[in-house]
Amino acid sequence: MNWIHTIGDGVGLKQFMNAWAEMARGAHQPSIQPVWHRELLMARDPPRITCNHREYEQILPPNTIKEEDITPIVHQSFFFKPLDIARIRLLVPFHLSQCTAFDLITACFWYCRTKALRLDPEEEVRMMVIVNARSRFIAKHSSFVGYYGNCFAFSAALTTAGKLCGNSLGYALELIRKSKDEVTEEYMQSVADFMVIKERCLFTTVNSCIISDLTRAKFREVNFGWGEGVYGGVAQGGAGPFPGATYIVPHKNAKGEECLMLPICLSSEVMKRFAKELDEILGSQNHPTMSVSNFVKSTL
């Protein structure tokens, strides 16, 4: 199926699929009623930008042609078993050791990808995490439960390639967690105002990554009456023409082990360097056994 993002986000898609599945199983109406309420996310009058939005800074791409600009893109997925997550957790400071597996994998991805790209140390790099902001509104607007439209932010962690690659994994993790904490109700109102003032500009794509957590969506658990699905997630990394997007998807590997899958797209040589960097962190060979697209084809 296709999903148009102007209608809703990942949470909205899961709500729609659950409602569809409930009615397919005989329900007369969905257990969670759909809510419109988009007026809560409209720009203020007059609009006013009250927060920093580094995710929307318009940056010109460098004049020099890089390796990844001329080399064909390849798609591969990497699997993180519980033991892999535990190994990464040992590499971060104690005060960060209780962070989520999503944050740990995100920090790993940003660190390894930046090292693999071999950027100039002074170049800025961004990791943008898609943050579901519904909880920021439900506390004040109980009727917001069931809202299926877009309600997320691209929280942006920003540093230079030199600082990111020259510090420990904890440095990346701190930046990511701090950027997520900045997404408040005021931040979301500021984003809406920003879109009016700046005329709906695109997020920054230069040296940027975007990652989305699909573990909580639990698409695989949607049941139309035939049991759970074999797979519930994206077919490959990337988002349209932007290759820097990825997702963390719950999945069973070839051995039947529950793990988290990270589908990414990079040029072939950069992908090899990425796998090498990740192997050094994990202390094991985490090479993919098949690409995400081939996996999806094999299950159809």
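Just so it is clear, the structure is predicted and the values come from calculations on it, not from any experiment.
Across all non-hydrogen atoms, the minimal contact from M271 to V74 is CE-O, 3.4 Å. Across every non-hydrogen atom of C151 and D9, the tightest pair is N-OD2, 3.0 Å. Among all heavy-atom pairs drawn from C209 and W110, the shortest one is SG-CD1, 4.2 Å. Across L40 and F144, no two heavy atoms sit closer than the pair CD1-CD1, 3.4 Å. Heavy-atom minimum distance, Y231 versus H251: CD1-ND1, 3.9 Å. Counting all heavy atoms, side chain and backbone alike, F79 lies closest to M261 at CE2-SD, 3.3 Å.
I49 CD1 to Y56 OH: the interatomic distance, rounded to the nearest 0.5 Å, is 11.5 Å. Rounded to the nearest 0.5 Å, atoms CZ (R118) and CD (E269) are 9.0 Å apart. In this structure, K272 NZ and S267 OG are separated by 10.0 Å, a value rounded to the nearest 0.5 Å. How far CD of E55 is from SG of C201: 9.0 Å, rounded to the nearest 0.5 Å. Rounding to the nearest 0.5 Å places CD1 of I88 at 7.0 Å from CD1 of I281. Rounded to the nearest 0.5 Å, atoms OG1 (T106) and CG (L262) are 8.0 Å apart.
The number of heavy-atom neighbours closer than 6.0 Å to CG of D120, taken from other residues, nucleotides and ligands shown, is above 12. Atom CD1 of I32 has 12 or fewer heavy atoms from other residues, nucleotides or ligands within 6.0 Å. Within 6.0 Å of atom CZ in R44, more than 12 heavy atoms from other residues, nucleotides or ligands are found, so the atom counts as buried in its surroundings. For CD of E199, the number of neighbouring non-hydrogen atoms (other residues, nucleotides, ligands) closer than 6.0 Å is 12 at most. Around the NZ atom of K163, the shell of radius 6.0 Å holds no more than 12 heavy atoms that belong to other residues, nucleotides or ligands.
Of the possible polar contacts, none joining the T160 side chain to the E124 backbone as a donor-acceptor pair under 3.5 Å is found. The backbone N or O of H95 sits nowhere less than 3.5 Å from a side-chain atom of Q98 that would complete a donor-acceptor pair. Checked by atom type and distance alone, the side chain of R89 never pairs as donor or acceptor with a backbone atom of L96 at under 3.5 Å. S190 contributes a side-chain N or O that, together with a main-chain N or O of T50, makes up a donor-acceptor pair within less than 3.5 Å. No donor-acceptor distance shorter than 3.5 angstrom exists from the side chain of R54 to the backbone of R126, with no hydrogens or angles considered. Put simply, the side chain of Q15 gets close to the backbone of G146: a donor and an acceptor are under 3.5 Å apart. Of the possible donor and acceptor atoms, one in the side chain of R25 sits under 3.5 Å from a partner among the backbone N and O of N223. In this structure a side-chain-to-backbone donor-acceptor pair under 3.5 Å is missing from D279 to L282. Between the side chain of R273 and the main chain of A116, a donor-acceptor pair closer than 3.5 Å is present. Here the side chain of E22 pairs a donor or acceptor atom with the backbone of S31 at under 3.5 angstrom.
Looking only at side-chain heavy atoms (C-beta outward), C99 and L104 come within less than 4.5 Å of each other. The shortest side-chain heavy-atom distance between P243 and L266 does not fall under the 4.5 Å cut-off. In this structure, the side chains of C108 and L169 come closer than 4.5 Å at one or more pairs of heavy atoms. Between S208 and M128, the closest side-chain pair of non-hydrogen atoms falls below 4.5 Å.
Hydrophobic cluster membership is shared by F242 and F152, with clusters built from Ile, Leu, Val, Met, Phe, Trp and Tyr side chains linked at under 4.5 angstrom. In the hydrophobic cluster analysis, where Ile, Leu, Val, Met, Phe, Trp and Tyr join through side-chain heavy atoms closer than 4.5 angstrom, F78 is grouped together with I85. Hydrophobic cluster membership differs between L158 and L173, with clusters built from Ile, Leu, Val, Met, Phe, Trp and Tyr side chains linked at under 4.5 angstrom. Under the 4.5 Å side-chain heavy-atom criterion for ILVMFWY residues, no single connected hydrophobic cluster contains both M23 and W20. Note on L117 and V206: separate hydrophobic clusters, where clusters join Ile, Leu, Val, Met, Phe, Trp and Tyr whose side-chain heavy atoms are under 4.5 Å apart, directly or indirectly.
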- request: Go through Q236 and C265 one step at a time and tell me if the side chain to side chain contact (heavy atoms under 4.5 Å, CB included) criterion holds.
  value: CA-CA 8 Å; Q236 61 186 26; C265 45; over 6 Å; no
task: Would you please test K81 and D84 for side chain to side chain contact (heavy atoms under 4.5 Å, CB included) and show each step?
output: CA-CA 5 Å; K81 295 182 291 186; D84 297 322; 3.7 Å; yes
- prompt: Under the side chain to side chain contact (heavy atoms under 4.5 Å, CB included) criterion, do I211 and F102 qualify, and how do the steps go?
  reply: CA-CA 10 Å; I211 191 165; F102 171 81; 3.9 Å; yes
- request: Check the pair M127, L164 against side chain to side chain contact (heavy atoms under 4.5 Å, CB included), reporting the backbone distance first and the verdict last.
  value: CA-CA 11 Å; M127 170 54 76; L164 183 64; over 6 Å; no
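Using the six-membered ring where Trp is involved, F154 and F203 have ring planes that are tilted, between 30° and 60° apart.
A donor atom on one side chain and an acceptor atom on the other are found under 3.5 Å apart for T159 and Y171. N132 and R134 share a donor-acceptor pair across their side chains, judged by distance under 3.5 Å alone.
In this structure, Y147 has its ring center at least 6.0 angstrom away from the ring center of F137.
Between R220 and E258, at least one side-chain N (NZ, or NE/NH1/NH2) sits under 4.0 Å from a carboxylate O, which counts as a salt bridge. For R48 and E186, the salt-bridge test fails: no basic side-chain N is under 4.0 Å from an acidic carboxylate O.
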